[in-house]
Amino acid sequence: MSIRATDEQGFRELTETYRHELHLHCYRILGSLTDAEDAVQETLLAAWKGLDGFEGRSSLRTWLYRIATNRCLNALRDAGRRRPPEPVPPFDPPEPSRRGEVTWLQPYPDEIAAVEPGPEARYSAREAVELAFITGLQLLPPRQAAALVLRDVLCFSAAEVASMLGTTETAVKGILQRARASLDKHRAHTAHCPSPQERELTRRFADAFTAGDLDGVLSLLTDDAWLAMPPAPHEYHGREAIAGFLRVTMAVPVEGFTMTPTRANSQPAFACRHGETPAGLMVLTLDGDRIRAITRFLDQK
């Protein structure tokens, strides 16, 4: 039976195979789990409604990626979906080093296994879901981000990418050249720590943080470390700026604050709680035997 002749249940079974990788694809472009889920739902609905127009010139997977990519590009044009409301802190924070642009960023659960890229991929599955990579994509023009993910992560051919984006192969080459150069500026390349070293470093961080040991936390940071707190735009760059922020927050007594080890975006993370109340997710970016970035997602439940 042809794809176009399938019933709704048969279509669901055919497309379920691709749901996770489409979700990851949409997350990379949109930077938000919530928006990615919306985009996947819209993709599958559009594919079902447009099934009669599927001529089989490409694979079902390629066709679904084309729809998903364009749904993501449409979402990026809708500025209202991009910026969540800025939270109001229960204290007076010091002046930030800068105000971050990507306040809609959300973490990606590690229990959702990353799809392994093809042999031509420029980025490994781990690299292509790290926070620095996802943030860098958000700072690119949307078509550049889409082209880079399709070509350099998913290994679609230049011809396939051109077809998906409604342009030419020559234009795709130019788009990719600009996207790669821009992404390299935004991304910091870090080595992946061996597991024992990673566990020891993250344990020491959690012990110091929960004990309110500011000096202990600062001793584990690189000189150029930074701290961000999506959806708040405040970012603190360098040990001195981070110290100023943590000095204020640690001065506010918190009963029963705990940090449970987990992982997100292929990075070590902690699920934070105040007693029984969820208090966000803290993701660490490591650089050798030090911590280069702390990203605390304030609204994770």
Side-chain angles (χ1 to χ4, degrees), residues 18-33 35-44 46-47 50 54-55 57-79 81-82 101-102 104-106 108 114-189 265-266:
Y18 304 108
R19 176 181 282 274
H20 163 58
E21 59 177 286
L22 289 171
H23 186 265
L24 181 54
H25 174 61
C26 293
Y27 169 74
R28 286 184 172 118
I29 296 177
L30 298 172
S32 161
L33 281 176
D35 287 350
E37 183 59 38
D38 289 345
V40 171
Q41 296 289 358
E42 291 171 9
T43 295
L44 297 178
F54 177 61
E55 299 177 351
R57 294 177 182 176
S58 64
S59 67
L60 174 62
R61 178 176 181 267
T62 299
W63 184 59
L64 290 172
Y65 266 100
R66 178 175 187 163
I67 298 171
T69 299
N70 283 283
R71 284 296 181 277
C72 289
L73 293 177
N74 288 340
L76 292 174
R77 296 184 187 105
D78 181 2
R81 292 185 66 181
R82 299 294 286 163
E101 300 175 58
V102 190
W104 58 88
L105 187 69
Q106 292 178 328
Y108 199 83
V115 178
E116 286 298 329
E120 298 179 5
R122 291 171 62 96
Y123 307 98
S124 69
R126 179 181 58 80
E127 289 176 314
V129 77
E130 287 179 343
L131 287 177
F133 184 87
I134 302 301
T135 301
L137 288 176
Q138 306 311 299
L139 298 172
L140 294 177
R143 281 167 65 85
Q144 287 189 22
L148 187 141
V149 171
L150 290 168
R151 185 76 180 99
D152 291 350
V153 177
L154 297 168
C155 298
F156 284 106
S157 69
E160 289 173 316
V161 175
S163 176
M164 290 181 189
L165 298 180
T167 187
T168 65
E169 288 186 57
T170 301
V172 166
K173 290 178 182 178
I175 291 171
L176 282 173
Q177 187 176 25
R178 293 189 293 275
R180 290 164 179 166
S182 297
L183 188 63
D184 283 343
K185 291 178 183 177
H186 295 307
R187 268 181 89 229
H189 300 273
N265 294 80
S266 296

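No hydrogens, no waters, no symmetry mates; every other heavy atom, side chains included, goes into these values.
- Atom-to-atom distance recorded for Leu22:CG and Leu44:CG is 6.5 Å, nearest 0.5 angstrom.
- Atom CZ in Arg71 sits 11.0 Å away from atom OG1 in Thr69 (nearest 0.5 Å).
- Taken from OG in Ser58 to CE in Met164, the straight-line distance is 7.5 Å, to the nearest 0.5 Å.
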### Task
Give the intermediate values and the outcome of side-chain contact (heavy atoms from CB on, under 4.5 Å) for residues Tyr18 and Leu60.
CA-CA 9 Å; Tyr18 304 108; Leu60 174 62; 4.0 Å; yes
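- The minimum heavy-atom distance between Leu165 and Ala146, with the atom names listed, is CD2-CB, 4.2 Å.
- Side-chain atoms of Ser163 never come within 3.5 Å of backbone atoms of Ala159 as a donor-acceptor pair (strictly under, hydrogens ignored).
- Taking a 6.0 Å sphere around CD of Glu37, one finds it holds more than 12 heavy atoms contributed by other residues, nucleotides or ligands.
- In this structure Thr168 satisfies the side chain to side chain contact (heavy atoms under 4.5 Å, CB included) test together with Thr170, Ala171, sequence neighbours excluded.
- Here OG1 of Thr167 is found 5.5 Å from CZ of Arg143. Values are rounded to the nearest 0.5 Å.
- The structure places CZ of Phe133 at 12.0 Å from OG of Ser266, a figure rounded to the nearest 0.5 Å.
- One finds no salt bridge joining Glu169 and Lys173 here, because no Lys/Arg side-chain nitrogen approaches an Asp/Glu carboxylate oxygen to under 4.0 Å.
- Here the side chain of Glu130 pairs no donor or acceptor atom with the backbone of Asn265 at under 3.5 angstrom.
- Between His25 and Tyr65, the angle of the ring planes goes over 60°, which puts this pair in the perpendicular group of the 30/60° scheme.
- When all heavy atoms of Leu30 and Ala39 are compared, the pair lying nearest together is CD1-CB, 4.0 Å.
- With rounding to the nearest 0.5 angstrom, the CG atom of Leu154 is 10.0 Å from the CG atom of Leu148.
- For the residue pair Pro142 and Leu76, the shortest heavy atom distance occurs at CB-CD1, 3.4 Å.
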### Task
Carefully, step by step, assess Gln41 and His23 under the rule side-chain contact (heavy atoms from CB on, under 4.5 Å).
CA-CA 9 Å; Gln41 296 289 358; His23 186 265; over 6 Å; no
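- With hydrogens and angles disregarded, a donor-acceptor distance shorter than 3.5 Å links the side chain of Arg151 to the backbone of Phe156.
- A donor-acceptor contact shorter than 3.5 Å links the side chain of Arg28 to the backbone of Ala128.
- Counting only distance, with no hydrogens or angles, the side chain of Trp63 and the backbone of Ala47 share no donor-acceptor pair below 3.5 Å.
- Of all heavy-atom pairs between Cys26 and Val40, the closest is SG-CG2, 4.1 Å.
- Side-chain N or O atoms of Tyr123 include none that pairs as donor or acceptor with a backbone N or O of Val129 at under 3.5 Å.
- Distance alone, capped at 3.5 Å, places no donor-acceptor pair between the Gln144 side chain and the Pro141 backbone.
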### Task
Step by step, work out the side-chain contact (heavy atoms from CB on, under 4.5 Å) result for Ile29 and Leu137.
CA-CA 7 Å; Ile29 296 177; Leu137 288 176; 5.9 Å; no
